[in-house]
Amino acid sequence: MRTRLGCLSHKSDSYNDFTAILPDKPNRALKRLSTEEATRWADSFDVLLSHKYGLAAFRAFLKTEFSEENLEFWLACEDFKKTRSAAKLASKAQRIFEEFIDVQAPREVNIDFQTRELTRRNMQEPSLSCFDQAQGKVHSLMEKDSYPRFLRSKIYTDLL
């Protein structure tokens, strides 16, 4: 049992084969990716997030670290900000809160108590900006923690 659990705790810097975790379609697309495009992802975290194949590679990397909920939350917030229907706004906000923010949420993101409580208060009257602080914290966490490891990972270096 200890050996099995030990395998789960290894960081993806030492992960050897990422092809098994990438879905077929992005995997084929990543094979067509130019080295120049992949190299640009190291320019900034936002460049990586704005590139569809960069996003797929980063998602695959986060899965190896069991932290893909951070990216999924960030993407859900980006989609939420595009909501134009007032009727859909409250239900989408509630779904995001229950899935990612609430204590013991199925895909709970790692945010501090103050941010969680501010977001909870924002849910009383949901607006397009109700997740801004939480999304910013998660973005910052990924940029400072996961992104540098991604750039050193075998997933990224194999693309270069």
Worked verdict on Ser146 versus Leu62 for side-chain contact (heavy atoms from CB on, under 4.5 Å): CA-CA 8 Å; Ser146 303; Leu62 290 176; 3.7 Å; yes
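- A heavy-atom distance below 4.5 Å is found between the side chains of Val103 and Arg116.
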message: Between Leu55 and Leu75, is the side-chain contact (heavy atoms from CB on, under 4.5 Å) condition met? List the steps.
response: CA-CA 10 Å; Leu55 197 59; Leu75 290 169; 4.0 Å; yes
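- With values rounded to the nearest 0.5 angstrom, Asp79 atom CG is found 11.5 Å from Trp74 atom CH2.
- Ring geometry for Phe150 versus Tyr156: interplanar angle of 30 to 60°, hence tilted.
- When all heavy atoms of Ala134 and Thr119 are compared, the closest pair comes out as CB-OG1, 3.8 Å.
- The structure places CD1 of Ile101 at 9.5 Å from SG of Cys130, a figure rounded to the nearest 0.5 Å.
- At distances below 3.5 Å, at least one donor-acceptor pair connects side-chain atoms of Tyr147 with backbone N or O atoms of Ser44.
- Between Glu99 and Arg95, at least one side-chain N (NZ, or NE/NH1/NH2) sits under 4.0 Å from a carboxylate O, which counts as a salt bridge.
- The two residues Arg84 and Leu128 come nearest to each other via the heavy atoms NH1-CD1, 3.4 Å.
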- request: Check the pair Val47, His51 against side-chain contact (heavy atoms from CB on, under 4.5 Å), reporting the backbone distance first and the verdict last.
  value: CA-CA 7 Å; Val47 168; His51 194 279; 5.8 Å; no
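- Ile111 is not listed as a side-chain neighbour of Leu141, based on a closest heavy-atom distance of 4.5 Å or more.
- Taking a cutoff of 4.0 Å between a charged side-chain nitrogen and a carboxylate oxygen, Asp102 and Arg120 qualify as a salt bridge.
- Aromatic pair Phe58/Phe45: centroids less than 6.0 angstrom apart.
- For the 3.5 Å distance criterion, the side chains of Gln114 and Gln133 fail to qualify, holding no donor opposite an acceptor.
- Remark: Arg149 engages Asp145 in a salt bridge, criterion side-chain N to carboxylate O under 4.0 Å.
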message: Let's go through Ile96 and Gln135 carefully: what are the C-alpha distance in whole Å and the side-chain angles of both, what is the deciding distance for side-chain contact (heavy atoms from CB on, under 4.5 Å) to 0.1 Å, and is it a yes or a no?
response: CA-CA 11 Å; Ile96 291 171; Gln135 184 186 21; over 6 Å; no
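- Taking 4.5 Å as the limit, every side-chain heavy atom of Glu37 sits out of range of all side-chain heavy atoms of Leu159.
- For the residue pair Lys92 and Thr83, a side-chain donor N or O sits within less than 3.5 Å of a side-chain acceptor on the partner.
- Judged by distance alone, the side chains of Glu98 and Gln94 do bring a donor and an acceptor atom under 3.5 Å apart.
- His139 and Asn70 are not linked by any side-chain donor-acceptor pair at a separation below 3.5 angstrom, with hydrogens and angles left out of the test.
- Note on Met123: it does not cluster hydrophobically with Leu118, by side-chain heavy-atom contacts below 4.5 Å among ILVMFWY residues.
- In terms of modelled atom types and a separation under 3.5 Å, the side chain of Glu69 and the main chain of Val109 share no donor-acceptor contact.
- Using cut-offs of 30° and 60° for the angle between ring planes, the Phe131 and Phe73 rings count as perpendicular.
- Scanning both residues, Ala57 and Trp41, for their nearest heavy atoms gives CB-CZ3, 4.0 Å.
- Other residues, nucleotides and ligands contribute more than 12 heavy atoms inside 6.0 Å of the NZ atom of Lys81.
- The CZ atom of Arg40 lies 11.0 Å from the OG1 atom of Thr35; values are rounded to the nearest 0.5 Å.
- Using modelled atom types, one finds a donor on one side chain and an acceptor on the other under 3.5 Å when comparing Thr115 with Asp112.
- No salt bridge links Arg59 with Glu68; every basic N to acidic carboxylate O contact stays at or beyond 4.0 Å.
- The shortest distance between side-chain heavy atoms of Glu108 and Phe100 does not fall below 4.5 Å.
- Distance check: Leu71 CG to Leu49 CG gives 6.5 Å after rounding to the nearest 0.5 Å.
- For the atom pair CG (Leu89) and CD (Glu125), the distance works out to 11.5 Å, reported to the nearest 0.5 Å.
- For the atom pair CG (Leu151) and OG1 (Thr157), the distance works out to 10.0 Å, reported to the nearest 0.5 Å.
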